[in-house]
Structures are given as C-alpha cells and as structure tokens.
Amino acid sequence: MADVPLHVISEYSASERRITPAWTIAQLKTKMEPITGIPPSCQKIYLKTPANSHIPVEAADEETTYMQSFPLVPYAELHIADTRPPAARPNFNNAVGVEKFILPEEDYEKKTDSVLAWKKAQKLGRFDPNAPSHEQAKIQAIAQEVEARGIAVGKRCRVGEDDTRRGEIKYVGDVKEIPGGTGAWVGVELDEPLGKNDGSISGTRYWGEPSEIKRGVFVRPERVEVGDYPALDDLEDMEEI
C-alpha cells in the first residue's frame, strides 16, 4: 500500500508528512517524536478527515495495530496532543539567547554532502521532471481545504484550535515571501498581540498599516477554524468579583 500524505499538526509544528499504512501505531509515535518533540508515551493522536470528526488513533496493543486500520485519506489531518502537564513541556518558541548561524546560499549550493545535493542526485522536489504535476496537486488540495472550511476575507476565526487566538481573516492567497510556501496561505489579524507580524512579510504588505504591535499571522488553511468567535472580553468575569 502506497504512502499517504497527511498534515501533521501539534502545538509547535504543522507540516506535511508521508505516512506508511504498514506502520504500527507504536512505530508512528516513534517517528513523530523528532517532528513534534513529544515522547511516544505522551502522544495522544487523532485523525481528522473531511468526512469524519476526530478519530482516536489508539488500540489495546499499539505494537500490533497497523495504520491501515484507520481511514487514511490524502491530506487529512493528524493531530498530536501532548499529555504532559504544561510545566513539564519544553518551550520550543523561546529562542532568546540562541545564536543563529546562516550559511550563504552560494556556499550551500557548492556542498556535496547536503540535502540539496542529495535531491539533485535523486531528482526530487524541483529537480523531479514531474515536479510541476506534484506541485499542482498540492495547490489544488490546499484550495479545496480553503473552500471546505469556508475561509474568506472578513470572517471570524480562531487559529490552531487555541481559543485565545481569535481574530479576523484579512488575506487568502499566495505569500511568495515564505520559502517553499506553494499554495494559499491565510492571513489572520488576531484580537490580541500574539502574532508574528503586522500584516506584512519582508517588506510586502498584505493588509493594514505599519505597527509595532504584532497581531498578524500567516497559516495554512488546516489551522484555521471559521465560526462564531467574537473577541474575548477580559472584563466579563469582573461582574463576579
């Protein structure tokens, strides 16, 4: 049975991964640890397809239960939650004090032991003669996701199933400034200053005016949930004091 592309989503990451149906649940959890940072014993996995709600990926014996037992649909969502107490989880978002090294692109292209060199040799990615057809399939799948979720400019939403990250959709479309970001992105202006930008990336403005307050985020459609999500009122509970 061929590998199935799924969107793997966790608290700190969201990426497309190919899942082998012949894997057991235990093997899947082991392979997801370096991707999500969550130990296998602390993973709670759900499979979400367009036709179903969250399907728990679990079994009495995860060493002998195979992924082919579940409805693996291309580009469905594999949600991985961390069952550890919040205090016991590492904060991967805290990059304070981390010195960043950037290898010049021309130096990287000269290396013979890099991923780029390997992709060239194996004719993968943009070096694959059939790459345009693969890329078009991905673009179409993302566009279908936008339509299925009812994503449109002006609608209210929340991001990443986090009820505190509510906002309004300001942009839907290509964002050429994101490396490898083929297909539509959703630009959301959050109600609270929990974003990563002010509606612009690398000098290109997609909405709003320049601001020091970062309320904007660009995310893939699978991380956006459209619905009745009004701005939270922090003073609402004050009536009970």
Below 3.5 Å, can you tabulate the donor-acceptor pairs from side chains in residues 172-185 to any protein atom, sequence neighbours excluded?
residue, atom, partner, partner atom, Å
Glu177, OE1, Tyr206, OH, 2.4
Glu177, OE2, Thr204, OG1, 2.7
Trp185, NE1, Gly181, O, 3.0

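- Side-chain heavy atoms closer than 4.5 Å link hydrophobic residues (I, L, V, M, F, W, Y) into clusters, and following such links, even through other members, never connects Ile9 to Ile142.
- Leu124 CG to Trp118 CH2: the interatomic distance, rounded to the nearest 0.5 Å, is 5.0 Å.
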Sequence neighbours excluded and cut-off under 3.5 Å, please list the side-chain donor-acceptor pairs for residues 65-81, or say none.
residue, atom, partner, partner atom, Å
Thr65, OG1, Asp61, O, 2.8
Ser69, OG, Tyr66, O, 3.0
Glu77, OE1, His79, NE2, 2.6
Glu77, OE1, Arg149, NH2, 3.4
Glu77, OE2, Arg149, NH2, 2.1

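- Within the model, atoms SG of Cys157 and CG of Asp228 stand 12.0 Å from one another, a figure rounded to the nearest 0.5 Å.
- Leu232 and Val159 fall into different hydrophobic clusters, where Ile, Leu, Val, Met, Phe, Trp and Tyr residues are linked whenever their side-chain heavy atoms come under 4.5 Å apart, directly or through other members.
- Linking ILVMFWY residues whenever their side-chain heavy atoms come closer than 4.5 Å, directly or via other members, leaves Ile213 and Val217 in distinct clusters.
- Taking CD of Glu189 as the start and CD of Glu168 as the end, the distance is 7.0 Å to the nearest 0.5 Å.
- Side-chain N or O atoms of Thr20 include none that pairs as donor or acceptor with a backbone N or O of Trp23 at under 3.5 Å.
- In the displayed structure, Tyr46 atom OH is contacted under 6.0 Å by at most 12 heavy atoms of other residues, nucleotides or ligands.
- For the atom pair Glu63 CD and Ile25 CD1, the distance stands at 10.0 Å (nearest 0.5 Å).
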Self-check item: Check against side chain to side chain contact (heavy atoms under 4.5 Å, CB included), Lys31 and Arg17
Solution: CA-CA 11 Å; Lys31 293 179 181 295; Arg17 302 286 171 170; over 6 Å; no
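- Of all the heavy atoms in Ile35 and Ser13, the pair that sits closest is O-OG, 3.5 Å.
- A pairwise comparison of heavy atoms in Ser41 and Thr83 identifies O-OG1, 4.4 Å as the closest pair.
- Of all heavy-atom pairs spanning Glu58 and Lys44, the tightest one is OE1-NZ, 3.0 Å.
- What you find for Lys155 and Val226 is that their closest heavy atoms are CD-CG1, 3.8 Å.
- When side chains are defined from C-beta on, Phe127 counts as touching Leu116, because their heavy atoms get closer than 4.5 Å.
- Separation of atoms CD (Glu161) and NZ (Lys48) is listed at 6.0 Å; rounding is to 0.5 Å.
- Relative orientation of the Trp207 and Phe218 rings is tilted, given thresholds of 30° and 60° on the angle between their planes.
- Of all the heavy atoms in Pro40 and Lys29, the pair that sits closest is O-CD, 3.5 Å.
- One distance of note links CD1 of Ile169 with CZ of Arg156; it measures 10.0 Å at 0.5 Å rounding.
- Across Ser200 and Arg205, no two heavy atoms sit closer than the pair OG-NH2, 3.4 Å.
- With Arg166 as the partner, the side-chain hydrogen bond (donor to acceptor under 3.5 Å, both in side chains) test is satisfied by one option alone out of Thr164, Asp163, Asp162: Asp163.
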